[in-house]
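Following: one structure in structure tokens, then a few remarks.
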Amino acid sequence: AINIVCMITCPPKKGQGTISYKGKKYSVRKLVPQECWRIQGIPDFAFERAEKVLSEVKQYERAGRAICIPMLESIFKDFFTGKEFSKLRVLEAFSGIGSQRIALDCLGIPYESVGIIEVDRYGILSYDAIHNHDNPVDYSIGKTDEEMVEEMRKSNIAYNFSTMKDEMPTTHEDIVMLYNANRRTHNFGDITRVNPKDLPDMDLFTYSFPCKNISEAGDQTGFTKGSGTQSSLVWECEKIIEEKRPKYLMMENVKDILNKYNMETFREWIALLKSYGYKSQWKLYNSADYGVPQNRERVIMLSELIKEK
């Protein structure tokens, strides 16, 4: 969901709406995209890289879909302190801009990205721009536009499951840009088509699945297994967890996952993880408690493999 956010400025400016506070008038304006990224705690370098491949509308959208970075930093710091590993191998499903990687970078936790699972065209482009800015490899050399498009379509790249529309680019320049981003990110595409045996080994698997059918702002049709909703894609993660047995799991979603309509399904998911040997801990967090100027409540759950099934 994308929140409409405003900023109070003073003195009032011609043509802008005003509000009164303690006897003074203030004008109200819409935040620019970079300000929206900042109130998510996303470093400026990430925005400056991503804005090169995103329209203004998509810059706002990516901010709304990101996870608050300072909140993630605090959670990861508490969770990973005292745990022994030389380098975390990380696979991010429903990766978006890669908020988890940004938090790991900010903390200085050693890790290696072994891939992502994403179909959103602008998620893939922004992820690549942020995390592979120093990787100039051009995978499009020797390939026609038709070959690149066909390869991407095999994994449902650029298909928008919300609108049920194909967002595959049509110009040569845009096809090359998306194709290279898809290859550089080691993207496995549509999670429903992923064969877990084809995935690399991983230590940390993140799966912050779509909130569309859980959120109060969505249609609230839930995420029960087999329901066919976007939010029910979380159940596709089971095959990955069962096959690869990552040591750590992390998910984020809206607070409505805890309401009376969704809590039973959430408990069912936690019980499933327990059956595979995972001990899970979840908590409702508010980004306002982590130094950013917004109230944004999110549920984050971390799971650790305690015993093999």
Side-chain angles (χ1 to χ4, degrees), residues 1-2 32-34 36-38 40 42-67 69 90-105 113-141 143-191 193-194 206-210 212 230 233:
I2 305 172
V32 299
Q34 187 165 21
C36 291
W37 285 53
R38 284 173 174 168
Q40 285 280 54
I42 304 170
D44 281 350
F45 75 79
F47 174 80
E48 289 162 3
R49 293 170 188 171
E51 70 172 335
K52 297 175 183 178
V53 297
L54 298 175
S55 67
E56 185 177 275
V57 169
K58 294 302 178 183
Q59 291 167 26
Y60 280 117
E61 183 180 88
R62 289 297 118 195
R65 294 182 179 181
I67 306 174
I69 303 301
V90 181
L91 180 71
E92 297 165 281
F94 317 107
S95 55
I97 68 168
S99 299
Q100 292 88 185
R101 280 189 66 179
I102 294 174
L104 291 172
D105 280 330
S113 174
V114 296
I116 66 172
I117 300 174
E118 180 63 84
V119 296
D120 186 282
R121 173 181 173 181
Y122 303 99
I124 298 165
L125 288 173
S126 55
Y127 188 104
D128 177 61
I130 293 169
H131 301 287
N132 297 318
H133 65 285
D134 57 352
N135 181 359
V137 178
D138 186 351
Y139 292 97
S140 70
I141 295 174
K143 292 183 177 290
T144 66
D145 289 357
E146 292 75 17
E147 289 171 334
M148 288 185 281
V149 167
E150 181 182 2
E151 183 178 328
M152 289 190 285
R153 284 214 165 105
K154 288 179 181 178
S155 300
N156 256 348
I157 302 303
Y159 186 77
N160 189 322
F161 283 92
S162 292
T163 62
M164 298 297 185
K165 292 182 179 179
D166 182 9
E167 295 184 345
M168 184 67 70
T170 55
T171 67
H172 173 72
E173 181 180 13
D174 288 341
I175 290 170
V176 168
M177 183 183 296
L178 181 59
Y179 183 78
N180 277 325
N182 193 57
R183 290 288 304 274
R184 285 191 293 252
T185 55
H186 306 291
N187 185 17
F188 293 92
D190 184 353
I191 195 168
R193 298 186 181 185
V194 167
T206 71
Y207 61 104
S208 299
F209 58 101
K212 177 181 177 180
Q230 275 186 271
L233 287 172

Taking all atoms of both residues into account, what is the closest heavy-atom pair of Met168 and Ile157, and its distance?
-> CE-O, 3.4 Å

Expected output: side-chain Tyr159 to main-chain Met164 donor-acceptor under 3.5 Å = yes

Do any N or O atoms from the side chain of Trp37 and from the backbone of Gln59 form a donor-acceptor pair under 3.5 angstrom?
-> yes

Kindly give the heavy-atom pair with the smallest separation between Ser208 and Gln100, and that separation in Å.
-> OG-OE1, 3.5 Å

Side chain to side chain donor-acceptor pair (under 3.5 Å) with Ser140: which residues, sequence neighbours excluded?
-> Asp138

Minimum heavy-atom separation for Gly189 to Ile117, with atom names?
-> O-CG2, 3.0 Å

Ignoring hydrogens and angles, tell me if any N or O in the side chain of Gln40 forms a donor-acceptor pair with the backbone of Ile69 under 3.5 Å.
-> no

Sequence neighbours excluded, which residues qualify as side chain to side chain donor-acceptor pair (under 3.5 Å) partners of Asp105?
-> Tyr111

How far apart are the closest heavy atoms of Ser126 and Leu54, and which atoms are they?
-> CB-CD1, 3.9 Å

List the atom of Ala66, the atom of Ile42, and the distance in Å for their closest heavy-atom pair.
-> CB-CD1, 3.8 Å

How many angstroms lie between atom CD1 of Ile116 and atom CZ of Arg101, to the nearest 0.5 angstrom?
-> 9.0 Å

How long is the gap from CD on Glu118 to CD1 on Ile97, to the nearest 0.5 Å?
-> 11.5 Å

Any residue meeting side chain to side chain donor-acceptor pair (under 3.5 Å) with Ser162, in chain and number order, not counting sequence neighbours | Gln230

Taken in chain and number order and not counting sequence neighbours, the residues that satisfy side chain to side chain donor-acceptor pair (under 3.5 Å) with Asn182 are Asn187

Check: Asn135 main-chain N/O paired with Asn132 side-chain donor or acceptor under 3.5 Å = no

Should Phe161 and Lys212 be marked as a side chain to side chain contact (heavy atoms under 4.5 Å, CB included) after you check the CA-CA gap, both sets of side-chain angles, and the distance that decides it?
-> CA-CA 11 Å; Phe161 283 92; Lys212 177 181 177 180; over 6 Å; no

Go through the steps for Leu178 and Glu167 under the test side chain to side chain contact (heavy atoms under 4.5 Å, CB included), then give the verdict.
-> CA-CA 11 Å; Leu178 181 59; Glu167 295 184 345; over 6 Å; no

Say you draw a straight line from CD1 of Ile130 to CZ of Phe47; how long is it, rounded to the nearest 0.5 Å?
-> 10.0 Å

Grab the two heavy atoms, one from Phe188 and one from Val114, that are nearest each other, plus how far apart they are.
-> CE1-O, 4.1 Å

Would you say the side-chain atoms of Ser99 pair up with the backbone N or O of Ile67, donor to acceptor, closer than 3.5 Å?
-> yes

Output yes when Lys58 and Glu61 qualify as a salt bridge under the 4.0 Å nitrogen-oxygen rule, no when they do not.
-> yes

Flag for Tyr179-Glu151: side-chain donor and acceptor within less than 3.5 Å = yes

Under the 3.5 angstrom rule, does the side chain of Glu92 hit a backbone N or O of Thr206 as a donor-acceptor pair?
-> no

Roughly how far, to the nearest 0.5 Å, is CG of Asn180 from OG1 of Thr185?
-> 10.5 Å

Applied to residues 45-55, the salt bridge (charged side-chain N to carboxylate O under 4.0 Å, His left out) test, sequence neighbours excluded, yields none

Taking atom CE of Met148 and atom CZ of Arg183, what is their separation to the nearest 0.5 Å?
-> 11.0 Å

Value for CG (Asp145) from NE2 (His172), rounded to nearest 0.5 Å, stands at 5.5 Å

Salt bridge (charged side-chain N to carboxylate O under 4.0 Å, His left out) partners of residues 126-137, not counting sequence neighbours, each pair once | Asp128-Arg184

Relative to the ring of Tyr207, is the ring of Phe209 parallel (under 30°), tilted (30 to 60°) or perpendicular (over 60°)?
-> parallel

Check whether any side-chain heavy atom of Arg62 lies under 4.5 Å from a side-chain heavy atom of Leu125, and answer yes or no.
-> no

